Amino acid sequence: MFDFVRTVLESSPLLALFIAIATGYALGQVTLAGVSLGAGAVLFTGLLIGAIAPKSAPPGLVGTIGLVMFVYGVGVQYGPQFFASLRGPGLKYIGLATIAVVASLFVAIIVSKPLGVSLATAAGLFAGSGTSTPTLQAALVAAGNQDPAIGYSVTYPFGVIGPIILMTMMAGILKPKLAAPAKNIRVAELTLGENAEGRTLRELSGDMPSDVKIVAMRQNHANAPPDEQATMHEGDALLVVGRPSSINQAKASLGEEEVGRISRDRTNYDVTRVYVSRATFVGKAIREIALPDFTVVISHVRRGDAELLAVPDLTLEYGDRLVLMVPSGRQEDVRRHFGDSMKGNAELSFVSIGVGIALGLLLGMIPIPLPGGASFSLGVAGGPLVMALILGQLGRSGPIGWRIPVVANLVLRNLGLSVFIGCVAIGAGAPFVATVASNGVHILLGGAAVLLTLVLIVLVGGHLLKIPFDDLLGICAGSTGNPAILASAGRLAPTERPDIGYAICFPSVTIVKIIAVQVLLS
């Protein structure tokens with residue numbers, strides 16, 4: 001039976017790969033003490049398959065394609081946050097993470113000699129403790145053998161579980177008080193006071209902050225679209241949307257908030273939500289799009305988990321969900337106008353993806369000189385990542401939209417990550433068994449030392465630098481990189497800050513790791 005299974009797997013490497021992915025994801029859903037491995041569990045099922053059937057590893061190009069899909073999706077999604085961080089505290093966060101990463105690499109080099117392993121295996125310890133698949137790919141290429149994959153597979157469990165345990169311990173020790181998650185958009189119903197008596201809606205609008213938008217008004221017990229020429233009176237009401245701080249300013253100057261004053265009456269004017277799924281609207285600013293032949297007011301736009309004010313210059317993308325005020329009974333007309341298909345969440349422009357990845361691969365081929373005559377390149381991981389960050393920041397170049405809807409992006413990234421990990425693990429299965437059997441305990445201890453160096457420098461150093469705790473968890477997650485760590489950070493600090501810290505640090509630290517292993521192995 002064993003020989004039959006091995007023969008089947010070795011005769012079809014793709015079968016072996018997708019069995020590793022399927023069983024790995026099933027295993028990754030198992031939670032122990034609140035910790036699950038997610039896509040990382042594919043590593044272990046792949047190792048098992050590789051140990052059973054050593055010749056079942058898919059061609060290397062398959063794994064490389066998966067890696068490129070993963071890093072490109074990450075870069076495109078986090079490009080705007082990455083560049084925005086360079087103008088704020090992000091440089092300090094990136095500096096802390098970089099120091100921790102470089103220190104952990106030195107520890108990997110130091111422990112390699114007493115462990116009796118090659119520098120290539122030490123590079124794998126470094127990549128595995130940081131759960132960085134792009135770094136592993138760079139190490140594999142630089143080493144020209146499977147030694148990095150062996151070190152990676154041995155230390156990867158520490159790289160996932162260790163940061164989660166240490167972050168949980170720190171939260172228990174510090175018991176931080178966290179502010180409630182901030183909303184970037186708020187909707188409010190304001191009842192006008194006596195200072196609004198006899199003034200036009202246009203005059204009242206001029207007194208509000210520029211980022212507050214009036215989307216409906218209520219007069220004579222009826223809701224209606226905003227009319228700039230309408231004369232307002234004390235007791236009338238406005239439905240407004242904007243940043244929370246700006247809404248508070250508007251409320252202070254106009255009147256008091258009265259929840260339900262407008263929203264309870266849907267007789268004449270109602271709210272509806274539609275997906276943008278027609279190509280004619282994608283890539284156009286809100287001021288440029290054609291609206292139906294009846295009054296429609298776009299209140300705000302939901303893009304992924306973010307809500308954006310519908311300013312005239314906002315460019316619409318596939319999968320955007322518009323929040324609109326429309327005359328009652330015309331909701332179906334509005335849905336037909338914009339498409340309102342959830343397929344917009346899965347729309348991929350393979351032109352933009354193909355061009356973007358091709359540019360990234362070309363960038364990765366450019367040699368970058370180092371002192372002493374040596375050189376390195378960003379390679380098939382770093383090149384697409386850097387290019388994707390730039391394109392994600394640009395958003396659009398003429399007719400080409402670079403960004404990918406969040407849902408489609410997650411599918412692209414997770415599939416790519418699973419394919420890459422599965423390919424690497426199957427190829428390293430047999431050498432992994434041999435290495436662990438000979439000196440596995442020592443390698444495990446070495447990997448633990450590398451990981452502790454990375455995580456403790458971030459957590460302790462960040463605390464001494466008085467970095468807010470929820471930001472610090474995001475830096476830790478970005479420094480290590482595994483999505484399971486970010487998910488745990490979100491549970492410990494239920495604000496939006498861990499996600500932002502991750503977005504700031506993950507791309508830059510990944511590039512540092514890629515360069516570091518290439519310099520080490522050169």
Side-chain angles (χ1 to χ4, degrees), residues 1-30 37-73 118 120-121 124 127-128 131-157 160 350 353-354 357 361 379-381 384 411-438 440 443:
M1 181 65 181
F2 180 83
D3 290 338
F4 172 76
V5 171
R6 181 175 61 191
T7 301
V8 171
L9 292 175
E10 291 184 345
S11 64
S12 178
L14 286 181
L15 173 63
L17 172 62
F18 282 100
I19 289 177
I21 292 173
T23 54
Y25 263 93
L27 178 64
Q29 293 175 9
V30 177
L37 295 176
V42 176
L43 178 72
F44 303 109
T45 55
L47 287 172
L48 178 60
I49 291 174
I52 294 172
K55 297 180 182 179
S56 63
L61 181 62
V62 176
T64 301
I65 292 173
L67 176 69
V68 170
M69 291 163 56
F70 172 70
V71 296
Y72 186 80
S118 65
T121 304
T131 66
S132 177
T133 49
T135 306
L136 172 60
Q137 170 65 20
L140 289 170
V141 172
N145 56 49
Q146 288 293 312
D147 286 359
I150 296 169
Y152 181 90
S153 58
V154 171
T155 56
Y156 187 93
V160 177
F350 288 101
I353 292 175
I357 291 177
L361 292 172
V380 297
V411 173
L412 182 75
R413 285 158 45 193
N414 288 335
L415 176 61
L417 180 62
S418 301
V419 168
F420 175 71
I421 292 178
C423 288
V424 169
I426 294 173
F432 170 78
V433 172
T435 302
V436 172
S438 60
I443 291 183

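Predicted model only: the values in this text are computed from it and were never measured.
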Atom OG1 of Thr45 and atom CD1 of Ile21: how far apart are they, to the nearest 0.5 Å? 8.5 Å

For Ser56 and Leu9, which heavy atoms make the closest approach, and how far apart are they? CB-O, 3.4 Å

Minimum side-chain heavy-atom gap Val62-Val419 below 4.5 Å: yes

What is the minimum heavy-atom distance between Ala20 and Ile426, and which atoms define it? CB-CD1, 4.3 Å

From Ser418 OG over to Arg413 CZ, what is the distance, rounded to the nearest 0.5 angstrom? 12.0 Å

Check: Thr121 and Pro148 side chains under 4.5 Å, non-hydrogen atoms: no

Measuring from Ile357:CD1 to Tyr72:OH, what's the distance to the nearest 0.5 Å? 6.5 Å

What's the spacing between Ile52 CD1 and Glu10 CD if we round to 0.5 Å? 10.5 Å

Specify the closest pair of heavy atoms between Thr23 and Ile19, including all atoms of both residues, with the distance to one decimal. OG1-O, 2.6 Å

Considering all heavy atoms, the nearest Ala120-Asn145 contact: CB-OD1, 4.1 Å

For Asp147 and Ser118, work out which heavy atoms get closest and say how close. OD2-OG, 3.2 Å

Shortest non-hydrogen contact from Ile49 to Ala16? CD1-O, 3.5 Å

Looking at OG1 of Thr64 and CZ of Phe420, how far apart are the two atoms once the value is rounded to the nearest 0.5 Å? 7.0 Å

Would you say Asn414 and Tyr25 make side-chain contact, with heavy atoms under 4.5 Å? yes

